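Accompanying notes for the structure given below.
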Amino acid sequence: LDDKHEEINKLRAAIEKLSKKRDSVGNTRKELWRDSNKIKKEQAEWNEKLSRAQSDLKHSMDRHLYSALREVKAYAAERKIKGYYGPLIELFKCPEHLRKCVETTGSNKLFHVVVDTDVTASKIITYLRQRKAGRLTFMPLNRLRSRRQNYPSTPDAVPMINQLEFEEKFRPAMTQIFGRTLITQTLELGAKFARSHGLDTITLDGDQVNNKGALTGGFIENKRSRLGAYAEQLLAASKMGKIQQRKEEVEAKVQVQNQLEAKLGGEINQKKEERRHLRHRLDEHQMENKKLAKDCELEKSKQKNEEKELNRLGAEKKELEANIRSLQLELQSELEEELNSQDQNELEDLTAETTNLKTQLIDASRLRAEAESKKKSIENDLSGNLRRREEELKLDISSQSQEEATEEFDQERNELKKLNDIVADFRAQIKDAEKAIDSTVSQTNDTQNELENLKAKIAKHEGKLQNESKNTEKFFTQRNNLLRRQKYCRKRIRDVGVLSREEYSKYDSSTVKALMTQLTKTNEKLKKFSHVNKKALDQYLSFTTQREDLLGRKTELDEGGKAIRKLIDHLDQKKDEAIQRTFKGIAKNFTEVFKKLIPNGNGRISIKKKKNADARMKVTEQYAGIGIKVSFTGGSGGDRSLKQLSGGQQSIVALALIFAIQRCDPSPFYLFDEIDANLDSEKRRSVADMILEQSKSAQFITTTFRPELLEHANKFYGVVFANKMSKVNEIDQEDARHIISQVEREL
């Protein structure tokens, strides 16, 4: 048992060691998880910045241009085109303080696509044309020629191309866009160098002077910077790549820690299994010990009971021997013949007392027997059950309680430690979250305050704007009134007539008061002529103007009427030509179709004219209808009109006319309902051949009870009437012939 206990203690120590190691691995993994969460948060922030930069770059160019660039990039990546280098904006770097002037110089040329040869450009252009993905400008490096420029050697004018960073193989493309531009401090210096060196110049604020002398400048919004958006996109993409790399490294470490923890867990489980096995064996040995101890205790109990019984029997033996000795002494004494009265009284008293004592002895013996029986039962229970249970508990306490209590205590302590660590982590996270919440709340409050201030400013400006709007409306009303007054006065002045030059300057030196006095006198004089129609001149001028307007409109309407009549005549001429051309085509086709349907016959269509037609009438107005003459036997004497034909012959003529019209203006499909009902077999076969010939340009759907039309058909449907319902089923040619033969037999 001691060996087993020692082995169990060793396994417990090994399990504790492995558990500590596993806890250490778990703590390391938790740290890695925290790092992973931080990386994910940072990744989300940079991903948002990347999306914002891509959105800014997208909105800084035309939608079709962005779509075309995206399609070309995907196509080059899919086909692995080595000669595709990308848009010009992706091929160079420039200092941040030069972005505005570089972007202004490059403009939309920043999105020109640089390729190695014109063959690559042609291949990509073909792809764009096929996909209808927009248009791009390509810069094949094998076609670009860069001229050497004569730059001034002064710090006042710096060549823009020297401030850019790019690979040497892209120099032709860079020279093409930025090679003829100098960066100057002011427009005056720019104009000076533009005149002296014949180059374009630009300031850091984006104001330009071209070599022709024209100046371009003004405000440029910094928020819409393409180079800034692309730089942010590059930075975000670079950060995203590094973050992704760190994330993969952390995930790999987490995977390693998971594997190590799984391995340690397996070893711990193995040690626990070994300990369980040892404990099982230890329990078996302990059970055997308990059994032996129980048997030993039972034997001891029996031995004690037998010793007690032996002592009781020895005591009874001594008591009996004492009684024997007393009786022997009484036998040895001499007997008296009679007892005296005193002895007699004493004997009676002793006899009564003896009887009483015997009765008490019997009761005491009975009580003693009962007590001994209870005592024996209690002793048996004590020795057989309670002492045995006591020994078992003592054995359990001595063998297992200490180990298990120690182990359980260690486990509970480890669990408590883990829980404390988790609580500490949660508290740290809660503190971080509270700090973040406080920061966010602070930012929100600042933003809210700023928003309230802006709203207050907006309300203030809106109030001012409303006041200004009211004043503006008032000023506009006054202005309109003054303009109407001015117009009225000018009209009155024109009505007066042409005045001499002296009249215009006659009252320049007069005061307003004098003029108003003279105006009052003049109005008094005018009152004498109140019976005169003052509006006569105005009415005359108004009516004259209206007459001129009406005459002008009449002239316009007359010209429009002439143009409309000319157009009508032209359309009538076109209509007549179209009718004659169509009729000639139908007449020719009718003759050909009728000849194919009736090989021995002939037919023709002619136009009937009115008998009293005037030569001045239009050509189509002279037509009275059409006439059809056919012959089924050949020869000129056999021509007959439609009224003279039988039903079958009329069907042939109608079909010939339909086929003739189809050749001129075909319809998508034709529906014929028992067109062969009145035809003989030969004519039905001719009609079937004609339908087969015409089916190249149209679809024919026919219903028939005759077998000839089935020969050339490629789809068959049978119509069956049953239970007061018609059902249409697709069938094959044999079934169709079978149905036709049944119908012919019934007929």
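Heavy-atom basis, side chains included; hydrogens, waters and symmetry copies ignored. Predicted model only: the values in this text are computed from it and were never measured.
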(request) Using atom types as modelled and distance alone, determine if a side-chain donor or acceptor of Ser67 lies under 3.5 Å from a backbone N or O of Arg63. (result) no
(request) Looking only at non-hydrogen atoms, find the nearest pair between Lys100 and Asp205 and report the distance. (result) CD-O, 3.3 Å
(message) Can you confirm whether Val102 sits close enough to Met160 that some side-chain heavy atom of one is under 4.5 Å from a side-chain heavy atom of the other?
(response) yes
(request) Measure across Ile731 and Asp735 and return the closest heavy-atom pair with its distance rounded to 0.1 Å. (result) CB-CB, 3.9 Å
(request) To the nearest 0.5 Å, tell me how far Leu571 CG sits from Ile564 CD1. (result) 11.5 Å
(request) Determine whether more than 12 heavy atoms belonging to other residues, nucleotides or ligands lie under 6.0 Å from atom CD of Glu452. (result) yes
(request) Quick one: pull up CD1 in Ile202 and CG in Leu98 and give me the separation to the nearest 0.5 Å. (result) 10.0 Å
(message) Rounded to the nearest 0.5 Å, what separates atom CG in Leu199 from atom CZ in Arg180?
(response) 5.5 Å
(request) Taking the side chain as every heavy atom from C-beta outward, state whether Val115 and Leu141 have any atom pair closer than 4.5 Å. (result) no
(request) In sequence, state the C-alpha distance, the side-chain angles, and the governing distance for Asp689 and His712, and then conclude on side-chain contact (heavy atoms from CB on, under 4.5 Å). (result) CA-CA 8 Å; Asp689 294 338; His712 303 302; 2.9 Å; yes
(request) Report the C-alpha separation of Leu204 and Ile183 in whole Å, then their side-chain angles, then the decisive distance to 0.1 Å, and conclude whether the side-chain contact (heavy atoms from CB on, under 4.5 Å) test is met. (result) CA-CA 7 Å; Leu204 295 177; Ile183 301 175; 3.9 Å; yes
(message) Checking Glu462 against Gln466 for the side-chain hydrogen bond (donor to acceptor under 3.5 Å, both in side chains) test, could you report, in this order, the C-alpha distance in whole Å, the side-chain angles of both residues, the deciding distance, and whether it holds?
(response) CA-CA 6 Å; Glu462 286 180 350; Gln466 290 178 357; 5.6 Å; no
(request) Taking all heavy atoms of Met240 and all of Leu50, pick out the closest pair and write down the distance. (result) CG-CD2, 4.4 Å
(message) Taking the basic N atoms (NZ, or NE/NH1/NH2) and the acidic carboxylate oxygens, is any pair closer than 4.0 Å for Asp118 and Arg143?
(response) yes
(request) Please examine the side chains of Thr216 and Asp207, heavy atoms only from C-beta on, and report whether any two atoms are closer than 4.5 Å. (result) no
(request) Of all the heavy-atom pairs spanning Ile89 and Tyr230, show the shortest one and how long it is. (result) O-CE2, 3.3 Å
(message) Strictly distance-based, threshold 3.5 Å: is any side-chain N or O of Ser55 a donor or acceptor partner for the main-chain N or O of Arg52?
(response) no
(request) Indicate yes or no: at least one non-hydrogen side-chain atom of Ile39 is less than 4.5 angstrom from one of Gln244. (result) no
(request) Ignoring hydrogens and angles, tell me if any N or O in the side chain of Asn480 forms a donor-acceptor pair with the backbone of Phe476 under 3.5 Å. (result) yes
(request) Would you confirm whether Thr472, through its side chain, and Glu468, through its main-chain N or O, come within 3.5 Å as a donor-acceptor pair? (result) yes
(request) Output, in order, the C-alpha distance, side-chain angles, deciding distance and verdict of salt bridge (charged side-chain N to carboxylate O under 4.0 Å, His left out) for Lys470 and Glu473. (result) CA-CA 5 Å; Lys470 292 179 181 179; Glu473 290 177 359; over 6 Å; no
(request) Give a yes or no answer on whether the side chain of Asn589 reaches the backbone of Gly585 with a donor-acceptor pair at less than 3.5 Å. (result) yes
(message) For a quick test of reading the model, state the closest non-hydrogen atom pair linking Leu69 to Pro87 and the distance between them.
(response) CD2-CG, 3.9 Å
(request) Look at the aromatic rings of Tyr127 and Tyr75 and report parallel, tilted or perpendicular, splitting at 30° and 60°. (result) parallel
(message) Please check this pair: side chain of Thr120 against backbone of Asp116, looking for a donor-acceptor N/O pair closer than 3.5 Å.
(response) no
(message) Using modelled atom types and a 3.5 Å cut-off, is there a donor and acceptor pairing between side-chain atoms of Ser667 and backbone atoms of Phe669?
(response) no
(request) Kindly check if the number of other-residue, nucleotide or ligand heavy atoms within 6.0 Å of NZ (Lys73) is above 12? (result) no
(request) Applying ring pair (Phe, Tyr, Trp, His ring centres under 6.0 Å), run through Phe170 and Phe92 and close with a yes or a no. (result) CA-CA 9 Å; Phe170 300 135; Phe92 70 91; over 10 Å; no
(request) May I ask you to decide whether Glu232 forms a salt bridge with Lys49, counting only side-chain N to carboxylate O separations under 4.0 Å? (result) no
(message) Whether the side chain of Gln163 engages the backbone of Pro95 through a donor-acceptor N/O pair (distance < 3.5 Å, no angle test) should be reported.
(response) no
(message) Can you tell me if Glu48 has over 12 outside heavy atoms packed within less than 6.0 Å of its CD?
(response) no
(message) Nearest 0.5 angstrom please: Leu710 CG to Thr702 OG1, how far?
(response) 8.0 Å
(request) Tell me, with the steps shown, if Asn729 and Tyr717 meet side-chain contact (heavy atoms from CB on, under 4.5 Å). (result) CA-CA 6 Å; Asn729 300 319; Tyr717 296 91; over 6 Å; no
(request) Go through the side-chain N and O atoms of Glu261 and Gln257 and say whether any donor and acceptor fall under 3.5 Å apart. (result) no
(message) Has Ser238 got a side-chain atom pairing as donor or acceptor with Leu234's backbone, closer than 3.5 angstrom?
(response) no
(message) For the CE atom of Met174 and the CZ atom of Phe166, what is their distance to the nearest 0.5 Å?
(response) 6.0 Å
(request) Please examine the side chains of Leu187 and Thr203, heavy atoms only from C-beta on, and report whether any two atoms are closer than 4.5 Å. (result) yes
(message) Can you give me the closest heavy-atom contact between Leu88 and Ala173, atom names plus distance?
(response) CD1-CB, 4.1 Å
(request) Could you tell me whether the side chain of Tyr151 reaches within less than 4.5 Å of the side chain of His197, counting heavy atoms only? (result) no
(message) Looking at Gln185, I'd like to know if its CD atom is crowded, meaning that more than 12 non-hydrogen atoms belonging to other residues, nucleotides or ligands lie closer than 6.0 Å.
(response) no
(request) Return yes if some donor-acceptor pair links the side-chain N/O of Ser439 with the main-chain N/O of Lys435 below 3.5 Å, else return no. (result) no
(message) Under the criterion side-chain contact (heavy atoms from CB on, under 4.5 Å), I'd like the reasoning laid out for Thr104 against Gln208: C-alpha separation, chi angles, the key distance, then a yes or no.
(response) CA-CA 9 Å; Thr104 304; Gln208 294 176 291; 3.7 Å; yes
(request) Give a yes or no on whether a salt bridge exists between Glu42 and Arg246, defined as a side-chain N under 4.0 angstrom from a carboxylate O. (result) yes
